[in-house]
Enquirer: 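Here's a structure for you.
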Amino acid sequence: MEEFNSSLSFDKRLYSEDIKGSIVHAAMLAKCSIISKSEADIIIEGLKSINKDIEEGQLLIQGDYEDIHSFVESNLITRIGEVGKKLHTARSRNDQVALDMKLYCKTKAKNIIEELEILISVLVKVGESNNVIMPGYTHLQRAQVVTFKHHMMAYCSMFGRDKKRIANAVEVMNESPLGCCALAGTTYSTDREFTSSELGFNKPVDNFLDGVSDRDFVIELSACFSIIMMHLSRLSEELILWSSKEFDFIIIGDEFTTGSSIMPQKKNPDAAELIRGKTGRVYGALIAILTAMKGLPLAYNKDMQEDKELFFNAMDTTSICIRVMGEMLNTIKVNKDKMYSAVKKGFLNATEAADYLASKGVPFRDAHGIIGAIVIYCEENKKAIEELKLEELIRFSGMFENDIYEFVSYNNTLDKGIKKLLK
Ligand code: ARG
């Protein structure tokens with residue numbers, strides 16, 4: 001049962017949040033005259049020395065303790081004696097664990113936002129230094145011309161939304177559960193406003209039962225992480241495709257690829273594949289935590305301990321994937337000639353050619369048909385639209401004039417569309 005029940009091996013990472021919460025709780029007890037000022041001072045000193053010893057490796061978090069909360073409290077009592085037993089007045093491990101998790105989530109959410117900011121700056125830099133023409137796709141079929149920079153900026157928009165989603169999740173969770181105690185508050189006259197503001201929350205939670213049984217914030221952050229992973233996975237998939245010989249659009253730096261143990265020519269995009277693959281475990285954490293919570297009566301149930309390993313793993317995974325993606329992107333070389341020749345072979349100015357006819361009064365649906373016939377003609381004659389002579393074009397429609405060439409030039413197309421946006 002001890003082995004089965006204990007969460008110490010994974011909740012030990014909450015030690016500094018646990019100690020921080022206890023220090024503020026002890027100060028509140030003294031402020032409300034529930035314990036004396038000198039008792040609080042001894043408790044606070046003891047907690048600080050435990051924190052210091054853990055940080056310096058003098059005190060290892062191990063042993064037969066049920067969780068980090070019992071570990072810290074037992075160590076406190078060993079250090080300062082009887083007075084240490086007063087710390088847990090007007091508190092339960094139920095509000096304590098909810099508090100620790102919220103404090104931890106708030107710090108880590110900030111870190112992930114910073115990591116996303118670094119990734120965004122890499123995307124901008126890589127896009128800016130490769131502001132070259134490339135084919136844009138729908139259905140993975142060459143569609144219209146875009147630039148590599150515009151493609152990178154699409155991901156900046158996604159990661160920008162991810163940042164907002166996390167900041168919003170933090171704003172929603174930013175209420176202190178400390179003081180809810182086991183489920184019904186306490187007969188002591190405590191000061192929840194004080195502990196809430198000392199710990200950096202907007203306010204104490206409104207409802208005690210909710211305060212100790214809410215894990216929405218863990219779920220919401222896991223959902224944010226899942227969306228980030230989905231974006232990273234799509235980008236990984238593109239990097240994998242683009243670095244294949246079939247595309248040959250980019251080369252990923254050797255640091256982020258591996259060779260094959262049997263095929264000497266291979267350069268495998270392992271880092272991108274791992275990011276794509278690890279997306280599964282982050283989605284898994286979200287679904288597992290949602291499922292663990294769905295049937296729980298109010299208030300605290302031990303099932304809720306199951307959130308930790310899953311959430312910590314999802315968070316660590318998301319964090320390392322964001323960092324690896326940024327560092328890998330920094331090493332990519334863009335093969336501008338390959339991209340340009342894919343554009344030329346792809347009739348990526350066919351839509352613009354149809355727009356040209358439409359601007360001359362041909363109904364768009366008819367213009368679409370005319371250009372379709374021209375594309376077939378080009379394929380048969382191994383030519384691009386812009387390589388056809390005016391006499392050839394006129395055979396398909398009398399509306400073609402010399403200005404068509406300017407209209408279908410790729411640089412002009414981009415100047416009219418995407419480049420405006422990128423300025
Ligand atoms: N380890 C527990 C958890 O992670 C802490 C709360 C324990 N509370 C209790 N009443 N047993 O949820």
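When reading the values below, keep in mind they use all heavy atoms of this one structure, side chains included, and skip hydrogens, waters and symmetry mates. Atoms within each ligand, like the ligands themselves, are counted from 1 in listed order. Throughout, residue positions are numbered sequentially from 1 according to the sequence presented. All of these numbers come straight from a predicted model, not from anything done at the bench.
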Enquirer: State whether the number of non-hydrogen atoms from other residues, nucleotides or ligands found under 6.0 Å of E2 atom CD is greater than 12.
Expert: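 Open: at most 12 neighbouring heavy atoms sit under 6.0 Å from CD of E2.
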Enquirer: Which ligand 1 atoms are under 4.0 Å away from a heavy-atom of Q305?
Expert: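 Under 4.0 Å from Q305, ligand 1 has these atoms: 1 (N), 2 (C), 3 (C), 4 (O), 12 (O).
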Enquirer: If you measure from each heavy atom of H69 to ligand 1, is any distance below 4.0 Å?
Expert: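 Yes; H69 lies near enough to ligand 1 that a heavy-atom distance drops under 4.0 Å.
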Enquirer: Run the numbers for me: atoms of ligand 1, each under 4.0 Å from some heavy atom of S7, listed by number.
Expert: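 Once the distances to S7 are compared, the set is 1 (N).
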Enquirer: Among protein heavy atoms, which sits nearest to atom 10 (N) of ligand 1, and what does the distance come to when rounded to 0.1 Å?
Expert: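 Heavy-atom neighbour on the protein nearest atom 10 (N) of ligand 1: N94 OD1, 3.0 Å.
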Enquirer: For Y137 and F249, take the angle between the two ring planes, folded into 0 to 90°, and tell me which bin it lands in: parallel under 30, tilted 30 to 60, perpendicular over 60.
Expert: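 It falls in the tilted class, 30° to 60°.
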Enquirer: Suppose we measure from atom 4 (O) of ligand 1 to each protein heavy atom; which comes out shortest, and what is that distance?
Expert: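 Answer, as residue, atom name and distance: K308 NZ, 2.6 Å.
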Enquirer: List the atom pairs, donor and acceptor, that lie under 3.5 Å between side-chain atoms in residues 362-376 and the rest of the protein, sequence neighbours left out.
Expert:
none

Enquirer: Do you know which of I43, V24, I35 makes side-chain contact (heavy atoms from CB on, under 4.5 Å) with L29?
Expert: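 With L29 as partner, I43, V24, I35 yield a single side-chain contact (heavy atoms from CB on, under 4.5 Å), made by I35.
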Enquirer: Could you pull out all residues at least two apart from C224 that satisfy side-chain contact (heavy atoms from CB on, under 4.5 Å)?
Expert: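 C224 satisfies side-chain contact (heavy atoms from CB on, under 4.5 Å) with R165, I166, A169 only.
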Enquirer: Is any N or O atom of Y300, backbone or side chain, closer than 3.5 Å to an N or O atom of ligand 1?
Expert: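 Indeed, backbone or side chain, Y300 has an N or O that close.
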Enquirer: At under 4.0 Å between heavy atoms, which part of Q96 makes contact with ligand 1: side chain, backbone, both or neither?
Expert: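 No part of Q96 is near ligand 1 at this cut-off.
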Enquirer: Would you call E386 and K344 a salt bridge, using N to O less than 4.0 angstrom?
Expert: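 Yes, E386 and K344 are salt-bridged.
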Enquirer: Starting from atom 11 (N) of ligand 1, find the nearest protein heavy-atom neighbour and note its residue, name and distance.
Expert: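 The closest one turns out to be R93 NH2, 3.5 Å.
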